Amino acid sequence: MSLIALGLGCVALGAALAVMTAALPARARRSASGLVTSLVGAGGVLAGSVALMGTQYTMSVDFLLPLSRMVLDIDGLSGLFMTMIGGVAVVVGVYRMGYVHQTHLGSASDDDRHREVVSDTTGIDSRWATACLPLFVAAMLLVPAAGNITTFLVAWELMALASLVLVLAEHRERVEVRQAGVWYAAMTHAGFAVILVGLVLLAAWSGTETLAGIRQTAPGLSEPARSAVFLLTLAGFASKAGLVPLHVWLPRAHPEAPSYVSALMSAAMVNLGLYGIVRVWFDLLGGGPSWWALMVLALGVVSALYGVLQAVVANDLKRLLAYSTTENLGLVCIGVGAAGLVATNGDSPLVGLLLLAALMHAVNHAGFKSLLFLGAGAVLRATGLRDLDRMGGLVRLMPITALLTGAGALAASGLPPGNGFVSEWLLLQGLIHSLPPSGTPNLLLAVTMPLAVGAVALTAGLGVATFVKAWGIGFLARPRSTEAASAAEGGVALSVGMGMAAAVCAVLALWPAAAIQAVSRAIAALPGIGANPPVRSDAYLTLSGVRGSISPVLIAVAVALGVTVVAVALRVLAARRARRRSLVWGCGGTRLSPRMQYTATSYAEPLIRVFDDVLRPEQDVDVTHYAESRYLVESVTYRQRVGDRVEALLYPPVLAAANRWAQLARRVQNGSLHRYLAYGLVGVIVVLISAAVVAS
């Protein structure tokens with residue numbers, strides 16, 4: 001039996017054991033759920049890593065799915081995403097074994113807008129939500145392993161339903177959870193509907209539903225047919241990836257779901273939207289015209305910039321991380337769109353480099369985003385807070401969590417020696433070298449590539465500001481609430497889970513050669529991509545055919561030496577100051593209080609002013625005067641809220657139109673059985689006519 005079959009057997013065994021965990025007592029159910037989730041993830045890592053080594057695996061089961069058969073076809077691209085998903089699941093499973101729900105009651109009043117008692121800490125441990133955690137991982141692993149349209153769609157819908165149950169695990173306690181569940185259910189099923197239509201049309205026009213058969217016939221379809229399939233599937237997969245303007249479910253669902261579920265959704269599930277785009281566009285359809293690439297590139301630029309702008313002004317830690325997911329998937333789509341644009345000009349090495357950079361950033365994002373969400377979960381468990389304005393001082397009370405979360409923040413910032421730096425450097429190199437040579441008449445590349453470089457550079461700069469705020473305001477200085485002042489580490493399993501994610505990030509940062517080779521093998525089989533990797537890896541990362549090289553290890557050593565020198569110098573200066581016997585003036589340092597510190601709101605205020613036309617913040621100032629005199633001010637209360645402007649502009653009209661259609665639909669529901677039978681007859685006739693037209 002092959003190792004891939006063994007890995008798939010672990011996935012199937014874990015899925016079967018997941019149902020049994022629902023019958024266990026609550027205390028044992030938590031550990032069993034985490035253990036089974038890690039087992040399913042380990043099976044995915046085993047099957048995916050073997051596929052990345054060049055082994056292709058095909059399996060067919062005739063009796064599992066009605067009207068069709070279950071087909072698995074695992075190649076290098078499937079193996080890459082299975083390895084990513086499985087790795088995140090292993091870490092989340094270990095973390096889940098130590099995650100105990102607790103109830104935290106803040107000291108703030110009930111009308112305080114910044115008070116957060118979150119879903120992680122409501123004390124509910126849903127029996128079926130616990131069982132759905134391994135099933136969710138198994139469904140995600142089946143999506144890239146699917147070898148025909150039916151298997152893909154069934155696995156996709158199972159993934160959507162399992163994740164919805166996990167998001168709604170705390171729905172009895174908080175109305176925000178139910179609202180987030182409604183938004184997530186609507187967006188994910190609307191996306192599934194357009195994916196279903198697109199893939200069914202592709203299978204009908206190709207004459208087969210197997211991916212291998214479609215791969216042979218789909219490139220020969222007419223241009224309008226291929227474009228229709230591309231647009232439909234792009235809309236559905238962009239919704240799952242959280243790209244603007246279909247991103248609205250992320251900042252709603254991630255804050256309300258348990259943090260280990262948020263880690264799976266943000267670090268693993270959203271990458272399947274990327275998988276769908278790459279699989280359909282570059283593999284099944286065999287590429288496309290330049291306007292396809294421009295559309296994906298534009299989606300990536302808008303998502304990256306808008307996502308990082310919303311993240312840098314967000315005070316809710318998990319909401320910040322959710323918008324950061326939109327930002328990073330936008331960067332990935334910039335690479336994918338640029339690769340498609342360069343492919344229309346026949347430049348194979350640069351196409352491979354840009355796709356490598358995009359998928360490598362997806363791998364790095366899976367590493368540091370899982371670490372950050374798990375760190376946020378540890379903070380939530382210890383304090384019951386998501387609001388950065390009420391945190392602070394956690395570096396002394398939770399040193400392990402602070403250290404590991406700081407490593408994740410460094411990686412997400414795209415700064416060396418974090419692993420996000422490697423993939424962002426590769427992306428910038430690919431975009432810069434995609435510029436046409438002087439005198440070459442290619443206006444499209446000459447205009448789009450500099451704009452893409454500028455978008456990536458601006459996104460990177462704002463990303464640094466985002467995570468300086470998230471980590472510095474949340475962990476440094478002094479506690480700004482009693483909840484933060486009473487925080488403590490969460491236990492061994494939580495630290496081990498975060499430590500495993502941090503170790504993966506460190507390996508990807510310092511020795512990215514293995515990951516780069518794996519990604520190169522994953523994209524080598526795609527049409528138009530050469531078999532030779534566009535990056536050579538040893539002590540240096542060297543780009544093939546262009547000038548560009550870095551050494552992550554040497555950069556890390558240089559940064560470590562610099563930090564050591566600065567730390568020693570500061571310690572020497574502090575020792576000299578300590579020798580002074582008298583202090584004439586303490587510059588306020590002897591009476592510091594949390595009110596003297598920067599908050600997340602004040603930190604982001606200059607950026608809000610710079611991007612005021614884009615963000616359109618809502619501000620409110622309440623001035624309370626003393627009763628004795630209106631000229632004497634007793635207190636000043638300042639409130640600021642930065643909403644999602646895209647959601648505010650686009651979605652209310654859509655929801656209003658849907659409500660109007662719903663009101664019209666009620667008129668045809670008069671209780672007449674004869675009318676309902678007539679509706680069914682008309683529906684069957686329409687379906688038969690549509691099938692005949694498609695078949696012709």
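Values in this document were obtained by computation on a predicted structure and should not be read as measured data.
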- Message: Checking K369 now: which residues fulfil side chain to side chain donor-acceptor pair (under 3.5 Å) with it, not counting sequence neighbours?
- Response: S324, T325, H365
- Query: Under 3.5 Å, is there a donor-acceptor pair between the side chain of Y275 and the main chain of P144?
  - Reply: yes
- Message: Are the side chains of L6 and V50 in contact, using a 4.5 Å heavy-atom criterion?
- Response: no
- Task: Ignoring hydrogens and angles, tell me if any N or O in the side chain of Q310 forms a donor-acceptor pair with the backbone of G643 under 3.5 Å.
- Result: yes
- Check whether any side-chain N or O of T448 sits under 3.5 Å from a backbone N or O of L444 as a donor-acceptor pair, and report yes or no. yes
- For the residue pair A455 and L305, what are the closest heavy atoms and their distance? O-CD2, 3.7 Å
- Message: Tell me whether S38 contacts the main-chain N or O of V90 through its side chain, where contact means a donor paired with an acceptor under 3.5 Å.
- Response: yes
- With sequence neighbours left out, write down each residue that passes side chain to side chain donor-acceptor pair (under 3.5 Å) with T210, or none if nothing qualifies. T208
- Would you list the pairs meeting ring pair (Phe, Tyr, Trp, His ring centres under 6.0 Å) in which at least one residue belongs to residues 210-258, sequence neighbours left out? W156-F237, Y184-W249, F230-W281, F230-W292, H247-Y306, W249-H254, H254-F373
- Message: Could you check whether any side-chain N or O of T326 sits under 3.5 Å from a backbone N or O of G242, counting only pairs where one atom can act as donor and the other as acceptor?
- Response: yes
- Message: Tell me every residue that passes salt bridge (charged side-chain N to carboxylate O under 4.0 Å, His left out) with R279, counting only those two or more places apart in sequence or in another chain.
- Response: D75, D283
- Task: Please say which of L133, V261, L35 ends up in a side chain to side chain contact (heavy atoms under 4.5 Å, CB included) with R96.
- Result: L133
- Message: Nearest 0.5 angstrom please: L8 CG to I4 CD1, how far?
- Response: 7.5 Å
- Item | Sidechain-backbone polar pair: S266 side chain, A263 backbone, donor-acceptor under 3.5 Å | no
- Task: Grab the two heavy atoms, one from G14 and one from P134, that are nearest each other, plus how far apart they are.
- Result: O-CB, 4.3 Å
- Sequence neighbours excluded, which residues qualify as salt bridge (charged side-chain N to carboxylate O under 4.0 Å, His left out) partners of E647? R252
- How long is the span from the CG atom in L284 to the OG1 atom in T217, to the nearest 0.5 Å? 9.5 Å
- Note on the structure: Between A203 and E209, the two heavy atoms sitting closest are CB-CA, 4.0 Å
- Could you tell me the separation between the CD atom of Q663 and the CH2 atom of W661, rounded to the nearest 0.5 Å? 13.0 Å
- Item | Heavy-atom closest pair, residues G43 and C10 | CA-CB, 3.8 Å
- Message: Measuring only between side-chain heavy atoms, which start at C-beta, is L272 closer than 4.5 Å to M140?
- Response: yes
- Item | With D73 via salt bridge (charged side-chain N to carboxylate O under 4.0 Å, His left out) - residues at least two apart | none
- Message: Less than 4.5 Å apart, side chain to side chain, heavy atoms only: is that true for L80 and L359?
- Response: yes
- Query: Do V194 and T233 pass the side chain to side chain contact (heavy atoms under 4.5 Å, CB included) test, and can you show the C-alpha distance, the side-chain angles, and the key distance before you say yes or no?
  - Reply: CA-CA 6 Å; V194 292; T233 54; over 6 Å; no
- Can you list the residues that meet the side chain to side chain contact (heavy atoms under 4.5 Å, CB included) rule with S60, with sequence neighbours excluded? D62, R69, V71
- Note on the structure: Here the gap from F192 atom CZ to L196 atom CG, rounded to the nearest 0.5 Å, amounts to 5.0 Å
- Task: Using atom types as modelled and distance alone, determine if a side-chain donor or acceptor of R226 lies under 3.5 Å from a backbone N or O of L285.
- Result: yes
- Listed by chain and number, what are the side chain to side chain contact (heavy atoms under 4.5 Å, CB included) partners of L688, not counting sequence neighbours? V684
- Message: Can you tell me how far apart CG (L72) and OG (S78) are? Round to the nearest 0.5 Å.
- Response: 9.5 Å
- Between G288 and T344, which heavy-atom pair has the shortest distance, and what is it? O-CG2, 3.6 Å
- Query: Are the side chain of T55 and the backbone of A51 linked by a donor-acceptor contact shorter than 3.5 Å?
  - Reply: no
- Item | Those residues that, when tested against A162, pass side chain to side chain contact (heavy atoms under 4.5 Å, CB included) (two or more places apart) | F136
- Message: As a test of understanding, state which of V270, T188, V143 forms a side chain to side chain contact (heavy atoms under 4.5 Å, CB included) with K240.
- Response: T188
- Verify, without hydrogens or angle tests, whether S33 (side chain) and A131 (backbone) share a donor-acceptor contact under 3.5 angstrom. no
- Query: So, for V646 and P245, which heavy atoms are closest and what is the spacing to 0.1 Å?
  - Reply: CG1-CB, 3.7 Å
- Message: Applying side chain to side chain donor-acceptor pair (under 3.5 Å) as the test, list every pair that has at least one member in residues 134-143; sequence neighbours left out.
- Response: none
- Nearest-0.5 Å distance, CG of residue L264 to CE of residue M159: 12.0 Å
- Task: Start with the C-alpha gap between I523 and L526, add the side-chain angles, then the distance that decides, and say whether side chain to side chain contact (heavy atoms under 4.5 Å, CB included) holds.
- Result: CA-CA 5 Å; I523 65 176; L526 297 175; 4.2 Å; yes
- What side chain to side chain donor-acceptor pair (under 3.5 Å) pairs are there with at least one residue in residues 189-199, not counting sequence neighbours? E157-H189
Quick one: side chains of residues 294-303, donor-acceptor pairs under 3.5 Å with protein atoms, not counting sequence neighbours, listed by atom name and distance.
{"residue": "S303", "atom": "OG", "partner": "V244", "partner atom": "N", "Å": "2.9"}
{"residue": "S303", "atom": "OG", "partner": "L299", "partner atom": "O", "Å": "2.7"}

